[in-house]
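Report on one structure; see the data block that follows.
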Protein chains: 2
Amino acid sequence: MTEAPLTRERILEAAEDALRRFGPGKATVVDVARALGVSHGSVYRHFPSKAALREAVTGLWLARMMDSLTAVAEEDGPAADRLRRWLDLLIAAKRTRACGDPELFANYLQLAAGARAVVAAHVAHLVQQVARIIGDGIAQGELSTPDPAAAARAVLDATGRFHNPAHAAEWTDPGIDAAFEAVWTLILAGLRTR
Amino acid sequence: MTEAPLTRERILEAAEDALRRFGPGKATVVDVARALGVSHGSVYRHFPSKAALREAVTGLWLARMMDSLTAVAEEDGPAADRLRRWLDLLIAAKRTRACGDPELFANYLQLAAGARAVVAAHVAHLVQQVARIIGDGIAQGELSTPDPAAAARAVLDATGRFHNPAHAAEWTDPGIDAAFEAVWTLILAGLRTR
DNA sequence: CGAATGACAAAAGTCAACATTTGTTATTCG
DNA sequence: CGAATAACAAATGTTGACTTTTGTCATTCG
């Protein structure tokens, strides 16, 4: 039986597993070490703190979520359609994770509450993708807005209720889809100014 | 020395005072009763529960905040200017209270977290005022939007980051005013569709 | 009689002893 | 020598006995 070496990757895997099994409140670094058959001190050789380990797990989790979004952001085609599909995907991804991956979502929620670097990076990444879609729309004459970067940030801010985890409790409201439709109508019109 | 009778109003006054002095976590109905020189049982003659008393206090507090907003909503003049001034006032009022009335703001925050009736009524009231401004704008040919009621709701949702108490922690961010400016540009353009 | 009281039970909150977890470091092991 | 460990101090969390608070109601008082 070969002994796999203790790598950053194996620790992240075990940490994500522990986080999912026990939740962000109960998972300890001793749990992670036990799953790997090592002492908890060894984990601290690869991560400076438990917080750093949690952030790294969240980073991977967010990165996986970004994959399908990136695909839409990099498509060709009408910018308005792409932006709408991109937002739908973002909202669906957040909702799916809130329901289907509650422990890791709670973990993300906690990190988002404190202004952790990994979350800021995630938001910056989202803004960049929206900016790209809006930029394409302007290039094709489909959209028109004075400051595309500001508009991208504004689109994310304006739709925050539907994807910001701070509002997760509202996502089961019956009127939530109608509310998004109204906001979408408003901002799409705003992006089409001439 | 005349004995003032124990009325709903005197209880509300004392309750607001206690809430402000001790904060939502520490104020008890015994505190309220003591300030009035009665037993706490008497308070329960006028309010069915402590929660109801807190809601009533919050209702008054919100109603006072609405006064200046209502004035702007009922003005004449260009709808875009009025809407902008109305939003500025709403945002300023929320920020002022978050900083200057932290105990009652914390109380409001707790009630807003649970979906209390008094908060829902407050939001409905806000929507109504925005709808009025937008309606005026349409009548004057200044604005144009398919569904004014939906647009009013959308304006409030889209600007939530700047007035929803769930985001109070972000109100000290350096970029918050620029972010609002970007959202304002976007939604104003959206309301001017033709 | 109706408003207010105070004694009471149940629920919620407090606090300090105790246990676990985090993070460090001197030592062991291959 | 470098990776892992085990023993440790400090920080954090848990527990359970105790106190306060909430809400009810039979009784009192004007």
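All of these numbers come straight from a predicted model, not from anything done at the bench. So that the names make sense, note that chain A is the first sequence line, chain B the second, and so on, each numbered from 1.
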Please write out the pairs of protein N or O atoms and N or O atoms of nucleotides 1-5 of chain D separated by less than 3.5 Å, giving the distance to one decimal.
{"from": "D:dT5", "atom 1": "OP2", "to": "A:Ser39", "atom 2": "N", "distance (Å)": "3.0"}
{"from": "D:dT5", "atom 1": "OP2", "to": "A:Ser39", "atom 2": "OG", "distance (Å)": "3.3"}
{"from": "D:dT5", "atom 1": "OP2", "to": "A:Ser42", "atom 2": "OG", "distance (Å)": "2.8"}

Does A:Glu55 use its side chain to pair, donor to acceptor, with the backbone of A:Val118 at less than 3.5 Å? yes

Any donor-acceptor pair under 3.5 Å from A:Arg82 side chain to A:Ala73 backbone: yes

Atom-to-atom span, CZ of B:Arg54 to P of D:dT21 - whole angstrom: 15 Å

Look at the side-chain N and O atoms of A:Lys50 and state whether any lies under 4.0 Å from the OP1 or OP2 oxygen of D:dA11. no

Measure the distance from NZ on A:Lys26 to P on C:dT21 and round it to the nearest whole Å. 8 Å

What is the distance, to the nearest angstrom, from the CD1 atom on B:Ile11 to the C1' atom on C:dA3? 12 Å

Separation of A:Phe47 atom CZ from C:dT24 atom P, in whole Å? 15 Å

Could you please spell out the steps behind the salt bridge (Lys or Arg N to Asp or Glu O under 4.0 Å) verdict for A:Arg64 and A:Asp101? CA-CA 13 Å; A:Arg64 283 202 299 272; A:Asp101 211 352; 5.9 Å; no

B:Arg8 CZ to C:dA3 C1', in whole Å, measures 18 Å

Test side-chain contact (heavy atoms from CB on, under 4.5 Å), reference A:Val155, set A:Leu191, A:Leu188, A:Ile133, output is A:Leu191

Without hydrogens or angle criteria, can the side chains of B:Thr70 and B:Asp67 be said to hold a donor-acceptor pair below 3.5 Å? no

Assuming nearest nucleotide by heavy-atom distance, tell me which of B:Gly25 and A:Asp31 is located more 5' along DNA chain C. B:Gly25

Euclidean distance, atom OH of residue B:Tyr44 to atom C1' of C:dA9 [Å, nearest integer]: 14 Å

Quick test of your reading of the model: are B:Glu75 and B:Arg132 salt-bridged, counting only N-O distances below 4.0 Å? no

Given D:dG23, C:dT22, D:dT21, the nucleotide with the shortest approach to the side chain of B:Thr28: D:dT21

Rounded to the nearest angstrom, tell me the gap between atom CG in B:Leu19 and atom C1' in D:dT21. 15 Å

